[in-house]
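Data block below; observations after.
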Amino acid sequence: MSFSWRTALRPSGLWSRAGPKSLRPRYSLVSDLTTGHRHVTGSSRLLNTKMASNGPQVAWSKSDIVTFPGKDRKDLEIPLNFGLFFLRENCQCPKCIHPDTMQRISNTFSIPQNVKIESIEHSDNMVKIKWSDNHTGLYSYDWLRAHSQDLSSVEGTKSVPYPQSALQSPRHFTPVVDSDQSPRVKYDDVMSDDKSLQIWLSHIWDEGFCFVDDVPINPEATQSLIERIAFIRNTHYGGFWDFTADLTFKDTAYTNEFLGAHTDNTYFTDPARLQLFHLLSHTEGSGGENLLIDGFAAATQLLLESPEHYAQLVKHRHPWHASGNEDTCIQPSAMAPVFSIHPDLNKMYQIRWNNYDRAPKTNWSASEQTEWHRAARHYNEILQTREVWTKLQPGSALIFDNWRMLHGRSEFTGKRRMCGGYVNNDDYISRLRLLKFGRKEVLDNLGNVGDNPQNPYWFI
Ligand SMILES: C[N+](C)(C)CCCC[C@H](N)C(=O)O
Ligand SMILES: O=C(O)CCC(=O)C(=O)O
């Protein structure tokens, strides 16, 4: 069953989405803000100031910083400092933070880099900010206190341009693929002999993804296919998944909404390396196409176009999170950057890119925020030029490297049933090295950091 790789009509803006009506905000905070309005000028006056005769005044904001007095938990007055773009991008209103999944659902890259505050209004526990891009931002004082940045102490340092020598060693970049070029294997071959299994894993490593054709259209065969590589990675979504748009888990994947280009598991210390999708059925509706982008190829283009922007995405580490389910708030043990460079082989080996799950970072200066967002916007623009869309078909599974490839999904209607699973990095790489080199060669090179494809360790 052949695929028709095609460039779908680009959704209006990568992060544009139209959530189903049921997910519209369940509450509006504006009514809470109509009583006892308070505002603050740039002075150190207490919060209980009355509305000045000329209406609410903006707290002072120098260039890209805004500060307004708040109160700490002991009710003592403290300054609350924020990078302007940081504050706008991290609006906590239900149009920006999904009320069910707690994920960012606003489109960071549609917010003007030079967005400004037009007015600020305070109530007991909330701040309402009218932004120059016509968005009304809502912030609780608890959130503001927790994210106020000591901007003076983390002075921005211009990132050193990244050396061109860090360019990825030769690897098939898949800027655009069509059905003739897509790497494909056959289910029966992969299931029956190790040589075909090795070819399959080599396609994934070398090109970032691979199709498996003639897969029996059921979850059992799909699970067996994944387990041909290694045991399935268990997460808070379970092990093998068989899902539809029913919010079984509070994550936008379990909706019929548009999902912009992202990598999964940015919130885990150890994100799953492989992800396999097998569409079992899609009836009474349309849409639901899948997006693939070679994140390494896009990163190399960024490095060539702007070593400084590349360096920003290497340098700044972010808190990520998965907090949709009531009993879950998962974050990596240490904050992690968008681009991770291997400490021994000095080449990119992992991308974390997920605007929904990137949490607000506070330990950086206003200028560092501005620089990082410029770089992220640049990378996002490159990604948009490299989008490749396909409509998965039952019987053909798609597996891809979640540390390299970004994926997404167009919104859809009707009943759509998808199954699949994750595989850990270490289990996949172990399987790949042993199949390619044999046990003795692998054991002889456990610590060999030679930068060449004859070295099993080189396959990270
Ligand atoms: C388990 N399944 C793949 C169906 C959904 C997983 C949700 C992934 C999450 N949005 C993330 O970006 O990590
Ligand atoms: O529903 C799909 O096709 C993909 C969902 C997705 O992107 C994800 O689960 O991360």
Side-chain angles (χ1 to χ4, degrees), residues 8 11 14-15 17 19 98 100-105 209 211 219 222-223 226 232-282 285-293 295 318 320-325 328-332 336 338 350-359 387-394 396-403 405-424:
L14 186 63
W15 298 106
R17 52 179 292 282
H98 194 298
D100 288 317
T101 72
M102 311 314 290
Q103 291 169 285
R104 177 187 291 108
I105 49 178
F209 71 104
F211 285 101
T222 308
Q223 180 164 349
I226 301 170
I232 290 177
R233 164 75 173 268
N234 218 337
T235 72
H236 58 300
Y237 308 114
F240 181 78
W241 354 279
D242 185 346
F243 66 102
T244 59
D246 59 5
L247 270 177
T248 303
F249 294 99
K250 296 288 176 39
D251 183 281
T252 42
Y254 294 86
T255 69
N256 61 359
E257 298 178 30
F258 171 76
L259 298 177
H262 66 281
T263 61
D264 274 17
N265 302 174
T266 49
Y267 39 79
F268 285 140
T269 302
D270 176 27
R273 181 72 186 264
L274 302 183
Q275 184 164 191
L276 181 139
F277 285 132
H278 183 197
L279 181 71
L280 296 177
S281 64
H282 184 184
S286 60
E289 288 145 336
N290 281 93
L291 166 63
L292 267 188
I293 304 175
H318 290 267
W320 311 86
H321 80 114
S323 308
N325 297 347
T328 305
C329 182
I330 296 171
Q331 290 199 269
V338 171
Q350 185 185 82
I351 292 176
R352 273 184 167 98
W353 181 265
N354 189 313
N355 213 52
Y356 303 95
D357 298 344
R358 178 169 50 83
E387 290 182 0
V388 178
W389 290 85
T390 183
K391 176 76 176 173
L392 296 183
Q393 300 299 325
S396 285
L398 168 64
I399 191 167
F400 56 88
D401 179 345
N402 180 57
W403 287 14
M405 305 300 280
L406 285 68
H407 66 285
R409 178 196 67 207
S410 62
E411 62 182 333
F412 63 89
T413 56
K415 297 191 183 76
R416 182 175 181 269
R417 185 184 170 197
M418 179 73 88
C419 71
Y422 291 130
V423 173
N424 286 317

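The figures that follow rest on heavy atoms only: side chains count, while hydrogens, waters and symmetry mates do not. Order of appearance sets the numbers: ligands from 1, and atoms from 1 within every ligand.
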About how many Å separate [atom2] of [Y] and [atom1] of [X], when rounded to the nearest 0.5 Å?
X	Y	atom1	atom2	answer
N265	Q275	CG	CD	7.0 Å
F249	Y237	CZ	OH	9.0 Å
H278	F211	NE2	CZ	11.5 Å
Q223	F240	CD	CZ	5.5 Å

Next on the checklist: Once you measure the plane-to-plane angle for F277 and W241, does it fall in the parallel (<30°), tilted (30-60°) or perpendicular (>60°) bin?
Outcome noted: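 Correct class here is tilted.
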
Next on the checklist: Once you measure the plane-to-plane angle for H407 and F400, does it fall in the parallel (<30°), tilted (30-60°) or perpendicular (>60°) bin?
Outcome noted: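 Tilted: the ring planes of H407 and F400 meet at 30° to 60°.
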
Starting from [atom], find the nearest protein heavy-atom neighbour and note its residue, name and distance.
atom	value
atom 2 (N) of ligand 1	Y254 OH, 3.8 Å
atom 9 (O) of ligand 2	A253 CB, 3.4 Å
atom 9 (C) of ligand 1	D251 OD2, 3.3 Å
atom 8 (C) of ligand 1	D264 OD2, 3.5 Å
atom 12 (O) of ligand 1	N354 ND2, 2.9 Å
atom 3 (O) of ligand 2	R416 NH2, 2.7 Å
atom 4 (C) of ligand 2	F277 CZ, 3.7 Å

Item to check | Side-chain (K415) to main-chain (S281) donor-acceptor, under 3.5 angstrom | outcome: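 No; judged by distance alone, with no hydrogens or angles, the pair does not exist.
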
Next on the checklist: I want to know if ligand 1 touches N265 in the polar sense, i.e. an N/O pair below 3.5 angstrom.
Outcome noted: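 Yes - when backbone and side-chain N and O of N265 are compared with those of ligand 1, one distance drops under 3.5 Å.
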
Checklist entry - Looking only at distance, does Y237 have an N or O less than 3.5 Å from an N or O of ligand 1? => result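 There is no such contact.
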
Which of the atoms of ligand 2 are close to [X], meaning less than 4.0 Å from one of its heavy atoms?
X	value
D264	8 (C), 10 (O)
H262	7 (O), 10 (O)
L259	5 (C), 6 (C), 7 (O)
M418	3 (O)

For ligand 1, is [X] a contact, meaning one of its heavy atoms is under 4.0 Å away?
X	answer
Y422	yes
Q275	yes
Y356	no

Next on the checklist: Heavy-atom pairs closer than 4.0 Å: do any link ligand 2 to the side chain of N290, the backbone, both, or neither?
Outcome noted: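 The part of N290 near ligand 2 is the side chain, not the backbone.
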
Checklist entry - Can you list every salt bridge (Lys or Arg N to Asp or Glu O under 4.0 Å) pair that touches residues 237-255, not counting sequence neighbours? => result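 Every salt bridge (Lys or Arg N to Asp or Glu O under 4.0 Å) pair that includes a residue of residues 237-255, provided the two are not neighbours, is D242-R417.
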
In terms of atom number and element, which parts of ligand 1 are under 4.0 angstrom from non-hydrogen atoms of [X]?
X	value
D357	11 (C), 12 (O)
H262	12 (O)
A253	5 (C), 7 (C)

Checklist entry - Y422 pairs by side chain to side chain donor-acceptor pair (under 3.5 Å) with which of N234, D264, N402, T235? => result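 That would be D264.
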
Measure across [X] and [Y] and return the closest heavy-atom pair with its distance rounded to 0.1 Å.
X	Y	result
L406	I351	CD1-CG2, 4.4 Å
H236	Y267	CE1-CE1, 3.8 Å
G288	R416	O-NH2, 3.2 Å

Next on the checklist: List the residues meeting ring pair (Phe, Tyr, Trp, His ring centres under 6.0 Å) with F412, not counting sequence neighbours, and say none if there are none.
Outcome noted: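 Partners of F412 under the ring pair (Phe, Tyr, Trp, His ring centres under 6.0 Å) test: H282.
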
Item to check | Proximity winner for atom 11 (C) of ligand 1, if only heavy atoms of W353, W320, Y267 are counted | outcome: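 Nearest option to atom 11 (C) of ligand 1, by heavy atoms: Y267.
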
